[in-house]
Amino acid sequence: MITAQKEFTALDTAWARAQFPALQQSVNGHPAVFLDGPGGTQVPQRVIDAISDYLKFSNANTHGAFATSERTDEVLAAARCAMADFFACDADEVVFGPNMTSLTFAISRAIGREIASGDEILLTRLDHDANVSPWRALEERGAAIRFVDIHESDCTLNMEDLAEKITSRTKLIAVGYASNAVGTINPVQEIVRMAHQAGALAYIDAVHYAPHGPIDVRALDCDFLVCSSYKFFGPHMGVLYGKRAHLQKLRPYKLRVNTEEIPQRWEWGTLNHECIAGITACVDYLADLGRSARASSGNRREALLAAYAAIQAHERALAGTLIRGLLQIPGLKFYGIRDSSQFERRCPTVAVRIDGHTPRQLASRLGERGFFTWDGNYYALNLSERLDVEKDGGFLRIGLVHYNTAEEVHGLLAALREIAK
């Protein structure tokens, strides 16, 4: 994770929380505590307003010779510019889709047209299945799928194993920026370098990393990077960055009437315009969060970097409190990085199990107390199988984001101590 920048004030948690109407809910007389961010974050009021306003005033299809259609064109163009700032790329390298999974299948099918029998694709045991199954589908075209293993002690990628499995037949390496199950941040810049050195493409799943740290696709030099806006305080949409040369060269499966211009040749059918309006609003929310932390922030990209500097400092403190407290609970098994000196290599997402309780039982009892957590494998099926917990219900996952507070963490720890007894 990129180190927090200097010259910023502490995150204004009260201001941030006031932007999210969902945080005012209660359950059984307890305040709702949203620790379910890895499955989808809550949205600020401005995102709700942007979606509603689009449907009120701009609802039309694109490229028409009338006002609402012209406004729709402007909404889409504004969202591309917002995500270009978010990714640090150009607007014509931004592709919108229903979700990360659909976008990844679109790219995998196009790459599949160029796959020959015996070509190799390298995947990892840490990844969400949306960055696994679309590539495994290319086995039908003769691709050989190879997997990079993990260090079980801290759930980090075995980089020596990765290096050994790259060959002259490797055509693509698909890897997550961060694990949605255990929070590990992978050394993606190094992995991209290794892929390119072998003449392979690098496909990065940044869904889980996006709410926690800044993304710079130029610095990474990745060929593709994909994320989901509903994981970083926006609506249910997927967004893909692709290097312009790839978006132009690869042949998508599409309608004949669809343009050959990028990025639209990768966007099929009528897009979800109202949610795309919400994407601009969620990026602008993050930028305003950054301006509140560093008043000297200039353009939107600078403000986004300031936001993530403040977010990382806040989340790092919360994660330290959470992990220290969890490790003191009798019968609790912790999966992932626990050494505080290594916290720059993890997100504030943790996975645990407690003796005598299934993950579902833990999530249910916490839910009754107003703590929202996830149980299961979270589609990180290869990891839950590798750690031999799939047959027993997977993990209990606790996911912090910047609108969470120290009080909420202490409350969760107290609840888990009580349940564990």
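- Annotation: side chain of Glu315 is in contact with side chain of His402 (closest heavy-atom distance under 4.5 Å).
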Given the rule in the side-chain contact (heavy atoms from CB on, under 4.5 Å) test, do Gln248 and Lys243 qualify, once you have shown the distances and angles that lead to the verdict?
CA-CA 9 Å; Gln248 292 171 333; Lys243 282 185 176 178; over 6 Å; no
CA sep, side-chain torsions, deciding dist, call: Tyr335, Arg353, side-chain contact (heavy atoms from CB on, under 4.5 Å)
CA-CA 8 Å; Tyr335 298 85; Arg353 292 178 61 89; 3.3 Å; yes
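- A salt bridge links Arg386 with Glu152: the distance from a Lys NZ or Arg NE/NH1/NH2 to an Asp or Glu carboxylate oxygen falls below 4.0 Å.
- A donor-acceptor pair is defined here as one N or O able to donate and one able to accept, closer than 3.5 Å; no such pair exists between the side chain of Asn158 and the backbone of Asp149.
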Might you work through the side-chain contact (heavy atoms from CB on, under 4.5 Å) test for Leu305 and Tyr308, ending with a clear yes or no?
CA-CA 5 Å; Leu305 294 176; Tyr308 280 113; 5.8 Å; no
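- For Glu390 and Asn377, the side-chain atoms include at least one donor-acceptor pair closer than 3.5 Å.
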CA sep, side-chain torsions, deciding dist, call: Val33, Leu412, side-chain contact (heavy atoms from CB on, under 4.5 Å)
CA-CA 9 Å; Val33 178; Leu412 171 78; over 6 Å; no
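- Residues Trp268 and Pro252 are in side-chain contact: their nearest non-hydrogen atoms beyond the backbone lie under 4.5 Å apart.
- A donor and an acceptor atom, one from each side chain of His273 and Asn61, are nowhere located under 3.5 Å apart.
- Counting heavy atoms from C-beta outward, Val226 and Tyr241 have side chains that stay 4.5 Å or more apart.
- Residues Ala130 and Met100 come closest through the heavy atom pair CB-SD, 3.4 Å.
- Because its NZ or CZ atom is not both nearer than 6.0 Å to the ring centre of Phe57 and within 45° of the ring axis, Arg71 does not count as a cation-pi partner of that residue.
- For the atom pair CD (Gln19) and SG (Cys282), the distance works out to 13.5 Å, reported to the nearest 0.5 Å.
- Using modelled atom types, one finds no donor on one side chain facing an acceptor on the other under 3.5 Å when comparing Tyr203 with Ser108.
- Contact detail for Asp375 and Ala363: the closest heavy-atom pair is OD1-CB, 3.8 Å.
- Not one N or O on the side chain of Asn186 forms a donor-acceptor pair closer than 3.5 Å with the backbone of Val188.
- Considering all non-hydrogen atoms of both residues, Leu122 and Lys165 come closest at CD1-CB, 3.9 Å.
- Between the side chain of Asp129 and the backbone N or O of Tyr379 there is no donor-acceptor pair closer than 3.5 Å.
- In this structure, Leu416 and Leu326 have side chains that are in contact, with non-hydrogen atoms separated by less than 4.5 Å.
- Under the 4.0 Å criterion applied to side-chain N and carboxylate O atoms, Arg46 and Asp284 are not assigned as salt-bridge partners.
- Two residues are said to be in side-chain contact when any heavy atoms from C-beta on lie closer than 4.5 Å; Leu126 and Val182 meet this criterion.
- Summarising the local packing, CZ of Arg251 is surrounded by 12 or fewer heavy atoms from other residues, nucleotides or ligands at distances under 6.0 Å.
- The minimum heavy-atom distance between Ser229 and Ile279, with the atom names listed, is OG-CG1, 3.6 Å.
- Contact of the Val175 side chain with the Leu157 side chain is registered, since non-hydrogen atoms from C-beta on lie closer than 4.5 Å.
- Legend: residues meeting side-chain contact (heavy atoms from CB on, under 4.5 Å) with Ala415, ordered by chain and number and at least two apart, are Leu366, Arg369, Phe371.
- Within 6.0 Å of CH2 on Trp374 lie no more than 12 heavy atoms contributed by other residues, nucleotides or ligands.
- A donor-acceptor distance shorter than 3.5 angstrom exists from the side chain of Asp154 to the backbone of Thr156, with no hydrogens or angles considered.
- Each of Pro263, Cys81, Cys89 was evaluated against Val94; a single residue qualifies, Cys89, per the side-chain contact (heavy atoms from CB on, under 4.5 Å) test.
- Between Val352 and the options Leu327, Ile329, Leu332, a side-chain contact (heavy atoms from CB on, under 4.5 Å) holds for only Leu332.
- Distance check: Arg316 CZ to Glu344 CD gives 6.5 Å after rounding to the nearest 0.5 Å.
- In terms of modelled atom types and a separation under 3.5 Å, the side chain of Asp90 and the main chain of Asp92 share no donor-acceptor contact.
- In this structure, Arg397 contributes its side chain and Asn180 its backbone to a donor-acceptor pair below 3.5 Å.
- Separating the SG atom in Cys222 from the CD1 atom in Ile191 is a distance of 12.0 Å, to the nearest 0.5 Å.
- Side-chain contact check for Ser384 and Tyr378: no donor-acceptor pair (N or O, by modelled atom type) lies under 3.5 Å.
- Here the side chain of Arg294 pairs no donor or acceptor atom with the backbone of Ala303 at under 3.5 angstrom.
- We find that Arg193 and Asp221 are not joined by a salt bridge, their nearest charged nitrogen and carboxylate oxygen being 4.0 Å or further apart.
- Residue pairs that meet the salt bridge (charged side-chain N to carboxylate O under 4.0 Å, His left out) test with at least one member in residues 259-274, sequence neighbours left out, are Arg80-Glu267, Lys254-Glu260, Glu260-Arg265.
- Side-chain atoms of Thr41 do not come within 3.5 Å of backbone N or O of Gly37 as any donor-acceptor pair.
- For the atom pair Gln264 CD and Thr259 OG1, the distance stands at 6.5 Å (nearest 0.5 Å).
- Nearest heavy-atom pair across Thr373 and Leu396 is OG1-CD1, 3.3 Å.
- Taking Asp127 as the reference, nothing meets the salt bridge (Lys or Arg N to Asp or Glu O under 4.0 Å) condition, with sequence neighbours excluded.
- Partners of Thr349 according to the side chain to side chain donor-acceptor pair (under 3.5 Å) rule, which considers only residues two or more places apart in sequence or in another chain, are His208.
- Between Cys155 and Ile337 there is no side-chain heavy-atom pair separated by less than 4.5 Å.
- To the nearest 0.5 Å, atom CG of residue Leu201 and atom CG of residue Leu250 are 7.5 Å apart.
- Side-chain contact, His246 with Asp223: a donor N or O sits under 3.5 Å from an acceptor N or O.
- By the 30° and 60° cut-offs, the orientation of the rings of Trp15 relative to Tyr285 is parallel.
- Between the side chain of Ser69 and the backbone N or O of His63, at least one donor-acceptor pair lies under 3.5 Å.
- Here the CG atom belonging to Asn131 is positioned 13.0 Å from the CZ atom belonging to Arg136, to the nearest 0.5 angstrom.
- The shortest side-chain heavy-atom distance between Ile215 and Tyr209 falls under the 4.5 Å cut-off.
- At least one donor-acceptor pair under 3.5 Å links the side chain of Arg301 to the backbone N or O of Asp85.
- Taking both residues in full, the closest heavy atoms of Val192 and Leu220 are given as CG1-O, 3.3 Å, listed atom of the first, atom of the second, then distance.
- Applying the ring pair (Phe, Tyr, Trp, His ring centres under 6.0 Å) rule to Tyr230 yields the partners His236; only residues at least two apart in sequence or on another chain are considered.
- Screening residues 71-104 for ring-ring contact (aromatic ring centres under 6.0 Å, His included) gives Phe86-Phe232 as the qualifying pairs, with residues at least two apart or on separate chains.
- Between Lys56 and Asp49 there is no salt bridge, since none of the side-chain N atoms of the basic residue sits less than 4.0 Å from a carboxylate O of the acidic one.
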